[in-house]
Participant: 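What follows is a structure written as structure tokens; I'll ask about it next.
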Amino acid sequence: MAKAAYSALSRPAKKNKKKRTTADESREEARAMGQLITVEELPRYAPGELKLDSSPVGRNDFRLRIFRYAPSDIWVPPSENYLIVIYRDGVTSMNRRVTGAWKQDHVGRGVTTLLTRAEPSNWRWQHDIEVSHFYISPTLMTKTASEAFDRDAETVELHDLLKVEDPMLTWINDQMVQEIAAGGPGGRLCYDALALQASVHILRKYAAIEFKMPCAQGRFRPAHARLIEDYVEQNISRNITLEELANICNCTPVQFARKFRIHYGMRPHAYVLRRKVEHACQHLRRDRVALKEIALLAASPTRATSIACSGST
């Protein structure tokens with residue numbers, strides 16, 4: 001008997017296994033998948049009661065869904081879409097971690113949370129809430145950014161913001177919900193217009209956008225050409241550098257000079273000098289001002305201005 005007791009005591013004690021949570025299981029499942037989740041897959045990791053879906057009315061690249069959630073502690077794998085959470089009902093303390101430390105704040109109606117795409121996140125809250133989700137595709141965001149800023153967008157990243165009080169997004173959400181629920185004529189057009197308005201608003205206020213370097217071949221876009229010409233006219237009385245003009249189009253000076261010659265048929269320096277001379281000649285025709293003063297206004301050498309103007313009259 002004593003030997004049996006000793007044998008039992010000498011065995012290593014079994015370690016208490018940590019209880020596996022739903023978040024742990026979701027995390028392991030997503031790692032096994034090794035890919036970005038879709039809108040349809042999100043409820044597997046954030047289970048809730050679906051109250052409304054924009055699919056019958058709205059566009060697929062800007063989806064709206066309303067969920068009712070009980071208190072939860074969840075882990076959500078990286079998503080292929082940008083996620084905007086707009087709180088509709090209920091008040092709770094929300095804890096979230098995307099990268100780094102946890103963030104905590106109180107959320108309720110009128111509050112918006114933003115999550116960029118392709119980032120895993122942890123969420124934890126203690127009270128029932130009802131929220132709207134905007135799922136915005138990267139294709140729509142980059143296309144809208146390119147059109148809004150008239151430059152080719154390469155990447156769009158949303159800021160890591162747990163709590164933003166944004167009446168505009170709350171209003172857009174309410175209008176979208178009304179259009180989906182009513183199902184009236186023109187509902188899809190109204191929804192699409194609201195989706196575009198929301199996308200531009202988010203890009204303006206909550207996004208970091210990286211733009212592609214423009215191709216050195218071909219002509220300028222019409223909008224870029226107008227910006228260049230306006231900049232030259234507004235700064236005609238001082239020396240304009242090639243770097244200044246290149247920055248307007250987000251080009252290197254070499255790329256800009258090459259495109260400029262294709263578009264205008266001359267070098268940037270020659271174009272600026274010609275515009276300075278034309279301004280000087282206009283002053284000579286209209287104003288009784290000394291030639292030296294006109295040359296200073298045009299920031300051109302007196303002799304060059306004099307020769308050019310006398311040759312054009």
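Computed from a prediction, not measured in an experiment: that's the story for all the values here. All residue numbers in this chain count up from 1 along the given sequence.
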Participant: Would you say Leu161 ends up clustered with Val156 if hydrophobic residues are merged whenever their side chains have heavy atoms under 4.5 Å apart, either directly or through other cluster members?
Facilitator: yes
Participant: Does Met168 CE have over 12 foreign heavy atoms under 6.0 Å away?
Facilitator: no
Participant: Phe67, Val91: one ILVMFWY side-chain cluster at the under-4.5 Å cut-off?
Facilitator: no
Participant: Using the ring of each side chain (for Trp, its six-membered ring), is Phe220 parallel, tilted or perpendicular to Tyr264, with breaks at 30° and 60°?
Facilitator: tilted
Participant: Please identify each residue that fulfils side chain to side chain donor-acceptor pair (under 3.5 Å) with Trp123, with sequence neighbours left out.
Facilitator: Ser121
Participant: To the nearest 0.5 angstrom, please state how far the CD1 atom of Ile262 sits from the CZ atom of Arg219.
Facilitator: 9.0 Å
Participant: Quick check: does any side chain N or O of Ser93 sit under 3.5 Å from a backbone N or O of His106, one acting as donor and the other as acceptor?
Facilitator: no
Participant: Can you sort out the partners of Asp230 under side chain to side chain donor-acceptor pair (under 3.5 Å), two or more places apart, ordered by chain and number?
Facilitator: none
Participant: Answer yes if the ring centres of Tyr206 and His159 are under 6.0 angstrom apart, and no otherwise.
Facilitator: no
Participant: Going by ring-ring contact (aromatic ring centres under 6.0 Å, His included), name the residues that satisfy it together with His201, two or more places apart in sequence or in a different chain.
Facilitator: none
Participant: Suppose we call two aromatic rings close when their centres sit under 6.0 Å apart. Are Tyr271 and His269 close by that rule?
Facilitator: no
Participant: NE2/His224 to CZ/Phe256 distance, rounded to the nearest 0.5 angstrom?
Facilitator: 10.5 Å
Participant: Nearest 0.5 Å, please: how far is CZ in Arg63 from OG in Ser137?
Facilitator: 12.0 Å
Participant: Is the shortest side-chain N to carboxylate O distance from Asp152 to Lys143 below 4.0 Å?
Facilitator: no
Participant: Using side-chain contact (heavy atoms from CB on, under 4.5 Å), reason through Tyr135 and Asp61 one step at a time and then give a plain yes or no.
Facilitator: CA-CA 7 Å; Tyr135 311 98; Asp61 52 9; over 6 Å; no
Participant: I'd like to check Ile209 versus Glu154 (side-chain heavy atoms, cut-off strictly below 4.5 Å). Are they in contact?
Facilitator: no
Participant: Any luck finding a side-chain donor-acceptor pair between Ser132 and Asn173 under 3.5 Å?
Facilitator: yes
Participant: Around atom CG of Asp128, are there more than 12 heavy atoms from other residues, nucleotides or ligands closer than 6.0 Å?
Facilitator: yes
Participant: How would you list, by chain and number, every residue that makes a salt bridge (Lys or Arg N to Asp or Glu O under 4.0 Å) with Lys205, sequence neighbours excluded?
Facilitator: none
Participant: For the pair Ser72 (side chain) and Ile74 (backbone), establish whether a donor and an acceptor sit closer than 3.5 Å, ignoring hydrogens and angles.
Facilitator: no
Participant: Are Val272 and Leu242 connected in the hydrophobic side-chain network, where two residues link if heavy atoms are under 4.5 Å apart?
Facilitator: yes
Participant: Is it true that the side chains of Ser55 and Asp53 contain a donor and an acceptor less than 3.5 Å apart?
Facilitator: yes
Participant: Not counting sequence neighbours, which residues clear ring-ring contact (aromatic ring centres under 6.0 Å, His included) with Phe134? List them please.
Facilitator: Phe62
Participant: Applying side chain to side chain donor-acceptor pair (under 3.5 Å), can you list everything that pairs with Tyr69, at least two apart in sequence or on another chain?
Facilitator: none
Participant: Among residues at least two apart in sequence or on other chains, which ones pass salt bridge (Lys or Arg N to Asp or Glu O under 4.0 Å) with Glu130?
Facilitator: Arg68, Arg88
Participant: Working to the nearest 0.5 Å, report the span between OG of Ser79 and OH of Tyr45.
Facilitator: 11.0 Å
Participant: Could you pull out all residues at least two apart from Tyr87 that satisfy ring-ring contact (aromatic ring centres under 6.0 Å, His included)?
Facilitator: none
Participant: Going by salt bridge (charged side-chain N to carboxylate O under 4.0 Å, His left out), name the pairs with one or both residues in residues 108-117, residues two or more places apart or in two chains.
Facilitator: Arg109-Asp174
Participant: Before accepting this row, confirm whether a basic side-chain N of the pair Glu119/Arg97 lies closer than 4.0 Å to the acidic partner's carboxylate O.
Facilitator: no
Participant: Output the distance between atom NE2 (His133) and atom CD1 (Ile136), rounded to the nearest 0.5 Å.
Facilitator: 12.5 Å
Participant: Between Lys103 and Asp160 (salt bridge meaning N to carboxylate O under 4.0 Å), is one present in this structure?
Facilitator: yes
Participant: According to a 4.5 Å side-chain heavy-atom criterion applied to Ile, Leu, Val, Met, Phe, Trp and Tyr, with indirect links allowed, do Leu196 and Leu140 form part of one hydrophobic cluster?
Facilitator: no
Participant: Taking only residues two or more places apart in sequence, or in another chain, which ones meet Arg124 in a salt bridge (Lys or Arg N to Asp or Glu O under 4.0 Å)?
Facilitator: Asp73
Participant: In chain order, what residues pass the side chain to side chain donor-acceptor pair (under 3.5 Å) check against Glu157, with sequence neighbours excluded?
Facilitator: Thr116
Participant: Going by salt bridge (Lys or Arg N to Asp or Glu O under 4.0 Å), name the residues that satisfy it together with Glu210, two or more places apart in sequence or in a different chain.
Facilitator: none
